[in-house]
Amino acid sequence: MHGISATHDVTHLLAQWANGDERALEDLTPLVYKELRRLAASHLRKERKSHTLQPTALVHEAYLRLVDQSNPRWENRSHFYGIAARLMRQILVEHARRKQADKRAARTVSLEHALNFGQERRRDLIALDNALTALEKTDPRKCKAVELRYFGGFSMDEVAQALDVSAVTVRRDLRMAETWLHREMQRG
Amino acid sequence: MDQRWTQVADLFHRVLECDPSRRAALLDEACKGNAELRKEVEGLLSFEASASDHVQAAVRTEIADFGFSLGVGEIVSHYRILSALGIGGMGLVYSAEDIKLGRRVALKFLPEESAKDPAALARFEREARAASALEHPNICPIYEFGEHDGQPFLVMQLLEGKTLRELLDDRRSRASDSNSSGKAGNQASLPVKQVLDIAIQIADGLDAAHQKGIIHRDIKPANIFISNQGQGKILDFGLAKLAAGASDPLETTEGNLSIADVGPNSKRSESASQDPLLSRTGVAMGTAGYMSPEQARGEKLDARTDLFSFGLVLYEMATGRRAFVGDTGPVLHAAILGDTPIPVRQLNPELPVSLESIVSKAIEKERSARYQTAAELRAELESLQHKLGPKRLPRIWVSGFVAAAIIVFGSILFILNKPPKTVSVAPEIRLRQLTTNSDENPVFGGAISPDGKYLAYSDARGMHVKVIHSGETRTIAQPEELKNGRMKWAVVAWFPDSARFLANSYRPIEGDEWSSATASIWTVSASSVVPTKLREQAFGCAVSPDGSTISFAANRGKLGEREIWLMGPDGKDTREIYQAKDGSGTDCWVWSPDGKHYLYVARDESGDRGFSQNVAGGLPVTILGPSELEKSNDIVWLHDGRVVYDQREASTDACNYWIARFDLDSGKRIEEPRRLTNWPNFCVSSGSVSRDDKRLVFEQFSGSCTSYISDLQGEGSRIRNVKEFTFNGDCAVGWSSDSRAVVVGQTRGDTYRLFRQSLDSDTPEPLAPVMAGDLYGLGTMTPDGNWHIFQIWREQVGTQQVSFPLATMRVPTNGGPGETVLRTSLPAMVSCARLPSRTCVIAEKSNDRKQMMLSSFDPLNGRGSELARFDLGQDLDSFLIGVICQVSPDGERLAIARSSQGPIEIYTLRGQLIGKVPTHSPFKLVWLTWAADQKGLFITAKGGNGDELSYADLRGNSNSLRRCVGDNNCFGFPSPDGRHLAITDRNHSTSMWMMENF
């Protein structure tokens, strides 16, 4: 997973996906998945003392590791940013869904209830994903801002650049979007 | 983007960006005539405060989870993941294989957040450990705690079966599938027999935990597991408190909870905010339905909270319905506090009346109106079960005798009369722990009354009589003349009237616990105040089946007692019936249940043999030979003629009961032995049986090590960061030369093996393959770092006595089988210095036991030239090992003890005294090791409060490091670089248990 070829693969596959090749996503997902998992685990190890896990930093790091920044095909940087963030979102949501399905499958295993620790943890990410999908219909830019910021791990300035708006606007977009998403998630 | 959305967003930002004092005015103005807009914006604003955190948290939690997605085959610590069992509320549960022990376990990950509150986690761990330490069959044991990438997990028994929740849900869904009968509630309930069976088991588990001061706080069907064999197990002791995520300052400062803490008058505070069910709405729904009124009110809790919750579980089992229902926490709270549930028989008319009254009493809102103890509740359930249950077929009794239970400590008996005419298929054996003795206060001796109602037992605090069905316990007063001595009691046997029992008082002498020389015989009436002394310098053995005669042993010799006598129950009319020949000895003589034979063990140099001898005379017949007796610790003669005896298994730490039938006159086996039990890791003794053969009571003992690694500070005089290091009861016994790994000895029954475990890894590497025997104390390492040197002995189970010869072994430090360097028939101890010194020495007791000889030691050639001799004090015999001599790491000095009372003396290798380390009385040395800089010593000694590990400089300034749990088995030893101190604490705990349905 490390080294040039993986980086190259990811960049290449991202480009294919961006061009509408859905099969590229199938190849892409396991690569990114693995790297993200490794990073998530190592971050937890590193940060367990401070108990902070910055999702933004994490996904951004994964992205930096996986994507060849100097690839000339990425002339439209903002488009690329968007693709990378969307991919991260998709992977995480996929993970959450799979876990939930595992959980349902595990219902047949007798120990499952026994070993439950208190109340079921809600899969908030699935609720967030649903809310984001709804938000996209009303206000695609705000949805994009959230994706870029939290799933892409981009800085405010980068988000602003990608969306071609000012940093102030991004800040306001996020504030509104987060509030709305929060409400939707609570309703969910 | 629609206009309305833009309008909302615009106003949203304007409100947020204006001065808070002007917000209301702004909204008024902007929403004139547009109530809907106002509602929308105000609604949104109410979610603004922590919105960003929530969104980020959703992503973060998923990423965290992502990081912990263990796949099949992955290794966590020394566990290999087999499959995901499910997602618990707070994390994943996997089934896994313990690579070290080869058993299957469940790995349950705790929420990441729980790691943030180490105090809460530590408390949970303590409670869970305490609950597991009960080894109660109705409590699911937790084997180990670990951490994987910052996420704490626990390792528990992997159970096959269902939770009671699932069992009830299954029942309910089946009932609703066929609800045409209109009796859904009824059908969703469990059969009464099953209700009682489960309830009694759970009450039993709760009783054991409560007695130990552990409250569950979250008893509910999902926390009760029913194995495929029908065994009920309580899950997750201590977890409810952890879920609260709050530390209770009173608890965190307390080391242990005492029984008093859970009693009705508990002073322990437990405020509302600390209760998980109240402080966390997220947790409330799953559990709120089973909380007690005091829990709902946020009051302090005692054990009775569990009894209420358990009452609700009972309600649900009996009716298929929850007693309290409500969609929200507040509604449920109100119901629990104010509503009286529909009486169970209105929902299920088939229930017995008394079950309704049991349930009603269990769920009384007022604590004082409920059952006060789990034992009380269990007793009522049991008596109901007894009334309903089918009567067992009467066994064929041998003859018209009324026999007392027969017990022999650390020895034998057996035999029979007639084979049974029917062979009953034994239903599942039921085990119940009758006492919960702490590690410091083990049971020593106990017996069930012939009528099966009482348990008499003795421990360090005296003699007690327990009413088995209620758990009520009375302590027998200490006679005046024994009040000041260090006397201990040992209950021996009941008289056939179930009103009196026989006991010995004795002064414990280590290594020789049972000597008639220091014992006296007493009879104790269960109802009277003080015991009556019958005889001194004698050791009571048994009461004849008719109650007319007592047998006792006297005149202790080298190989046991030399004389056996009989006397009347008043101590009069004594007569000698046996005198051991020279070079032999015996233990107690007891009667066969029909009173026609004596059964006893005789011992000579060739080993122990079990004999039967007709009371009328004639020659004794050998029943069991040395090879059989060697593995047995406990033999109980049933009144139906069969014999239940234990056999120690070489490959495990277990002793299991077997059942067989012997012919007393010929010594032949009439019925082949059949294994009765399948216990994992404990051994038994002091078995006794009720007259109806239904209840077998025995002493259970198990030993296990806890090892810790700590940092040494203050020039090695203080320890910090004490961390538990090894698991599964294995002992750390040495260091690697680079100070980065410890050597761990894993003892399983008659064998041991060695591992090397690095300080920064969880996976042990094998160091030496399985070898016979057991490690004594600690190892040492040769200065060249090539060999670990260990001493191996064979522990007689339960006695802790060292038997000789003692083998001194060398084990290559880079791994490989151990080889014997030399054997000694008297106590010996090897110790080595570190490079640049090349010194290793062996200290041995001289044949006359009056001196300690010091010789050089070579791992290949064994003993070298003699270096010095020291005169020893007599009391050194009471050491476990018998000599104490350690060479300093620089190879220049020796620390020796010539008397266990101290002082510790410092000598040159040539025997020249150069200093004394004064000791404080009371003091009795157990072990010592040098500090790595040889400026001080780590000393384990018995003081007024048990064994204690301390650091002392060479002037005697000492600093206590740790109170040990174990007795004579606690060692501190520094890493060669002096940075860490490893501590090994091996304890043996002993309680009384009862087996039924065998």
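Proteins get letters first, then strands, A, B, ... in listed order; numbering begins at 1 in each.
Looking at A/Arg141, there are no atoms closer than 4.5 Å to chain B (heavy atoms on both sides), in backbone or side chain.
Remark: A/Asp173 CG to B/His13 NE2 distance equals 6.5 Å, nearest 0.5 Å. Separating the CH2 atom in B/Trp5 from the CG atom in A/Asp139 is a distance of 5.5 Å, to the nearest 0.5 Å.
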Would B/Val8 and A/Met176 satisfy side-chain contact (heavy atoms from CB on, under 4.5 Å), going step by step from the backbone distance to the final call? CA-CA 10 Å; B/Val8 170; A/Met176 170 77 180; 4.2 Å; yes
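Residue B/Val59 comes nearest to A/Phe151 through the heavy atom pair CG2-CZ, 3.9 Å, listed as atom of the first residue, atom of the second, then distance. Between B/Phe12 and A/Thr179, the shortest heavy-atom contact is CZ-OG1, 3.3 Å.
Using the six-membered ring where Trp is involved, A/His182 and B/His54 have ring planes that are parallel, under 30° apart on the 30 and 60° scheme.
None of B/Glu40, B/Glu42, B/Glu48 except one satisfies the salt bridge (Lys or Arg N to Asp or Glu O under 4.0 Å) rule with A/Arg183; the exception is B/Glu40.
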